[in-house]
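Below is one structure, written out as structure tokens, with a few remarks after it.
Remember, predicted model here, so these are calculated numbers, not experimental data. Residue indices begin at 1 and follow the sequence shown.
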Amino acid sequence: MSAKYEIDYSDVSRLEERITKIPNESEKIINKALEDQGVRMVVEEITKLIKTGERPGRHANQSKWETVDNFNLGFDVKSRGGAAKNKGSFGYLVFPDQGRGPRNPIEQRFSERGLDAAEPRVVESLARDIEKKIQEVL
């Protein structure tokens, strides 16, 4: 299971006016905002959509289920661990997310839906951080 967020053209066009005011600083500000706030927002939205299983024990929506790979102007949120048999693994999340296996006949797509739900908040956060830096510079 993976949710990959990258700045796309529509996001850039919304931020373009602000970015042009501080061209040397904007990339650094965007990367920091994505790492500090964007990841948190996406993880929160995905976690809301993960259902609690019927079995006793730890469940993904009540734990730190994710690992994050940050890269330039984006990040990738993945489920932590590998095989479900491994202790502390949340690799099983791929099955309900993609509708794989006999117990998961329907794709839940919580990673994709969570990313879509968080995207407007992430872009707004980027705009605020860029605007804040512009005010500091001016």
Side-chain angles (χ1 to χ4, degrees):
M1 184 199 81
S2 177
K4 189 173 187 175
Y5 180 85
E6 295 178 278
I7 301 287
D8 66 11
Y9 183 74
S10 63
D11 296 336
V12 171
S13 64
R14 285 188 253 169
L15 301 171
E16 186 174 20
E17 183 183 328
R18 291 179 173 108
I19 289 172
T20 57
K21 291 181 181 178
I22 51 168
N24 298 335
E25 299 283 325
S26 58
E27 186 175 343
K28 185 170 41 172
I29 294 166
I30 290 170
N31 282 326
K32 181 153 178 49
L34 289 176
E35 187 176 325
D36 294 347
Q37 301 156 19
V39 169
R40 180 184 46 78
M41 291 176 194
V42 170
V43 169
E44 284 174 3
E45 290 296 331
I46 294 172
T47 303
K48 287 181 198 175
L49 298 171
I50 297 174
K51 295 184 173 125
T52 303
E54 296 173 8
R55 296 180 182 181
R58 247 177 19 144
H59 298 283
N61 62 357
Q62 301 161 345
S63 304
K64 182 176 177 355
W65 58 267
E66 79 283 350
T67 61
V68 178
D69 294 327
N70 291 301
F71 52 87
N72 192 38
L73 302 178
F75 56 86
D76 194 6
V77 178
K78 299 177 186 174
S79 57
R80 188 167 54 94
K85 67 181 180 180
N86 296 342
K87 186 175 174 96
S89 170
F90 292 104
Y92 69 85
L93 291 174
V94 72
F95 298 107
D97 192 43
Q98 296 178 359
R100 288 195 205 168
R103 295 186 189 140
N104 302 293
I106 300 170
E107 289 182 24
Q108 295 180 28
R109 297 182 8 227
F110 43 77
S111 55
E112 182 183 329
R113 291 179 15 228
L115 183 61
D116 290 345
E119 190 168 14
R121 290 177 41 213
V122 171
V123 173
E124 184 60 36
S125 172
L126 294 174
R128 271 195 318 268
D129 285 3
I130 292 170
E131 190 63 39
K132 183 178 172 183
K133 184 65 174 182
I134 290 170
Q135 295 304 320
E136 289 174 8
V137 171
L138 299 178

Of the non-hydrogen atoms in G114 and I46, which two are nearest, and what is the gap between them?
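G114 and I46 have their closest heavy atoms at CA-CG1, 3.9 Å.
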Looking at every non-hydrogen atom in both residues, tell me the closest pair between P23 and S26 and how far apart they are.
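Minimum heavy-atom contact is O-OG, 3.5 Å.
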Tell me, please, which residues at least two apart from N61 pass side-chain contact (heavy atoms from CB on, under 4.5 Å).
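So N61 forms a side-chain contact (heavy atoms from CB on, under 4.5 Å) with T47, I50, T52, H59.
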How would you list, by chain and number, every residue that makes a side-chain contact (heavy atoms from CB on, under 4.5 Å) with E17, sequence neighbours excluded?
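Scan of E17 (side-chain contact (heavy atoms from CB on, under 4.5 Å), adjacent residues dropped) gives K21.
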Report the residues that fulfil salt bridge (Lys or Arg N to Asp or Glu O under 4.0 Å) with R109, sequence neighbours left out, ordered by chain and then residue number.
E112
Partner residues of K48 under the side-chain hydrogen bond (donor to acceptor under 3.5 Å, both in side chains) criterion, sequence neighbours left out:
E45
Roughly how far, to the nearest 0.5 Å, is CG of D76 from CD of E66?
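Those atoms lie 12.0 Å apart.
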Rounded to the nearest 0.5 Å, what separates atom OG in S111 from atom CD in Q98?
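It is 7.5 Å, given to the nearest 0.5 Å.
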Would you call E119 and R121 a salt bridge, using N to O less than 4.0 angstrom?
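No salt bridge links E119 with R121.
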Table please: side-chain donor-acceptor pairs of residues 68-75 below 3.5 Å, with sequence neighbours left out.
residue	atom	partner	partner atom	Å
D69	OD2	K78	NZ	3.2
N72	OD1	N31	ND2	2.8
N72	ND2	E27	OE2	2.9

For a 4.5 angstrom cut-off between non-hydrogen side-chain atoms, does V43 reach W65?
yes
Hey, can you pull the donor-acceptor pairs under 3.5 Å for the side chains in residues 124-135, sequence neighbours left out?
residue	atom	partner	partner atom	Å
S125	OG	Q37	OE1	2.1
D129	OD2	Q37	NE2	3.4
E131	OE1	R18	NE	3.1
E131	OE2	Q135	NE2	3.0

Taking atom NZ of K32 as the centre, report whether more than 12 heavy atoms of other residues, nucleotides or ligands fall under 6.0 Å from it.
no
